[in-house]
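Reviewing the structure listed below.
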Amino acid sequence: MCGIVGYIGNNDTKEVLLNGLEKLEYRGYDSAGIATSNDEGIQLFKVKGRIANLREKVDNSVQSTMGIGHTRWATHGAPSEENAHPHQSASGRFTIVHNGVIENYYEIRDEYLANVSLKSETDTEIIVQLIEVLNDKNNDVAKSFRQAVALLKGSYALALIDSKDQEKIYVAKNKSPLLVGLGDGFNLVASDAMATLKETDRYVEIHDKEVVIVKRDFVEIQSLDGVAIEREPYTAEIDATDIEKGTYPHFMLKEIDEQPPVIRKIIQEYKDDNDSIKLDQDIRQAMLDSDRVYIIAAGTSYHAGLVGKQLIEKLANVPVEVHIASEFSYNMPLLSEKPLFVFISQSGETADSRSVLVETKKLGHPALTITNVPGSTLSREADFTLHLHAGPEIAVASTKAYTAQIAVLALLAVDTAQAKGIDLSFDPLQELGIVASVMESLTDQKEEFEKLAKEFFTETRNAFYIGRGMDYFVVQEASLKLKEISYIQAEGFAGGELKHGTIALIEEGTPVIALSTQANVNYSIRGNVQEVAARGAKTCVISLEGLEQESDTFVLPHVHELLTPLVSVVPMQLLAYYAALHRDCDVDKPRNLAKSVTVE
Ligand code: M6R
């Protein structure tokens, strides 16, 4: 959701900015722009739409060795060229890019900017105008920048350039992610390391409410009072080739195919020399010390949390509640005496989850983050982190992160069970190995799911998924996948709930996809399939080997009953992928969506 890139060095900046913005496209955006600075002043290029349009608009004859760029996902004001970033102050001296939402936008406008006529509908413009107003009094840009930042309430990642100074980029952040990249004779600013991996793998974290002055050969971190802060850089552990599509037409398909190796990587990372589970002792202790686990997450990660609850309760006998992050603060449940908060987030940057983390930390409760990005905000701010080891997930629709989250939750559950002396009748690492092979056999049968997608989803406006028990959680994820990338209105229902209302929606030809992988509900879910079929639904049943019936559409090879979501979701992901493909949708960058949702 919005992306920032900045460069200050000795080479021309346009390509670095445009390449960086392309790498941030996956975050979701609807307009983009860059500003470059040279002796002639600031050159500003903005477009509504894709970076490809921006590339066409940028004047290649302009040479400049510093600049800032932005992809905008509209919050205040429609997606348009006027509202696209960068924004400039009234005199044109200052130029800014911003991610986040300024909550005291009206207060600042009324108190400081009564005499300034604003050119856009954005909350961002008030920041750059405020800096100019303050600088007119202070005649000190660094001080005015710090003062302005101190006045802001809300979330922000900012990069500012001054047309009178080609030596500095001013940077600040609160809640929204931003990093400084370190190079040889140049430095960078980026929303995430993926934007600038081509240039460097060395980064410095910026903490909330700090400002950073980025020069060609020096980076100075300061507190809002101007006191210098020392911080060691770190090396980003991302392979640049991981963020390329290779021969795949879409990142989503590549990431679906990467699931078996990701599961094997997780086994390797969490296995000790005796082939037992190896988990951080402190995490084990935190699980043992807690009387209730509260899982907090959004979207697909929330769906993984629903499966995680079953795994932790059934295997480790610890009660678990799963909460939608954006609802938790408003509907906070009565907490147990010794809660452990578990944040599940692919990106580690989801603002809704982060606000719960901030709140529960204030209450003194321990927190564990399960994430694909170890240096992310949720990871840094929690007490413990479990890494998903899934490699960068670029497609907006989450696939390999979901299965990695479930696999790691399964290991957490098993580890806790073993620490409590509970005797499990299976070898979890071996069972996960079987899961990886079964996933592979499913991704090898893509044409089956392509055919089914064509048959079930080419014409339809809506679709229903049904399941019971564990399958109910998977069908919720299946319907989210379908709706977010194919725009088919899809819902995942508990089979038993159909008769309580939803069955009224079934018409002649309505697609209903049923999942049956759980022995205890196999009979009942099949009853639900009969009920919808009798009312004209076009049904597809995906079952597990051992529970299948002759008329089933597809039978999944057998895996341990508690791990079935890891394999049953694969056909669902492929169905959604091919449905979107057949409907000519932008699979990797669905409309209105952002990969990492960094505003509440
Ligand atoms: O990065 P997170 O896991 O915290 O993101 C949560 C959701 O925004 C994310 O899972 C979203 O629902 C995906 N687009 C679903 O495919």
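Start at 1 and go down the list; that is how both ligands and their atoms are numbered.
Salt-bridge formation is detected for the pair Asp208/Arg354: a Lys NZ or Arg NE/NH1/NH2 atom is positioned less than 4.0 Å from an Asp or Glu carboxylate oxygen. Using a cut-off of 4.0 Å between Lys/Arg side-chain N and Asp/Glu carboxylate O, Asp192 and Lys23 are scored as not salt-bridged.
Applying the 4.0 Å criterion to heavy atoms of Ala397 picks out, from ligand 1, the atoms 16 (O). Under a 4.0 Å criterion applied to the non-hydrogen atoms of Ser301, ligand 1 contributes the atoms 2 (P), 3 (O), 10 (O). Each of the atoms 1 (O), 2 (P), 3 (O), 4 (O) of ligand 1 lies under 4.0 Å from some heavy atom of Ser345.
For atom 15 (C) of ligand 1, the nearest protein heavy atom (residue, atom name, distance) is Thr300 OG1, 3.0 Å. For atom 7 (C) of ligand 1, the closest non-hydrogen atom on the protein side is Ala298 O, 3.7 Å. Among protein heavy atoms, atom 1 (O) of ligand 1 sits closest to Ser347 OG, 2.6 Å.
Around atom 5 (O) of ligand 1, the closest heavy atom drawn from Asn372, Thr350, Leu480, Val597 belongs to Thr350.
A side-chain donor from one of Thr517 and Asp471 sits under 3.5 Å from a side-chain acceptor of the other. Ser398 and Thr300 share no donor-acceptor pair across their side chains, judged by distance under 3.5 Å alone.
Backbone and side-chain nitrogen or oxygen atoms of Gln405 are examined, and none is located within less than 3.5 angstrom of a nitrogen or oxygen of ligand 1.
Within a 6.0 Å radius of CD in Glu447, more than 12 heavy atoms belonging to other residues, nucleotides or ligands are found.
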List the atom pairs, donor and acceptor, that lie under 3.5 Å between side-chain atoms in residues 451-461 and the rest of the protein, sequence neighbours left out.
from	atom 1	to	atom 2	distance (Å)
Thr458	OG1	Lys454	O	2.4
Thr460	OG1	Asn462	N	3.2
Thr460	OG1	Asn462	O	2.6

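Using 4.0 Å as the threshold, Lys481 has a heavy atom nearer than that to some atom of ligand 1. Within the 4.0 Å heavy-atom cutoff, Ser353 does not count among the residues contacting ligand 1.
Interatomic distance, OH of Tyr270 versus CG of Leu411, reported as 8.0 Å (0.5 Å rounding).
The stretch residues 570-592 participates, sequence neighbours left out, in these side chain to side chain donor-acceptor pair (under 3.5 Å) pairs: Arg50-Asp586, His250-Tyr577, Gln259-Gln573.
Contacts with ligand 1 closer than 4.0 Å are made by side-chain heavy atoms of Glu484 only, the backbone lying farther away.
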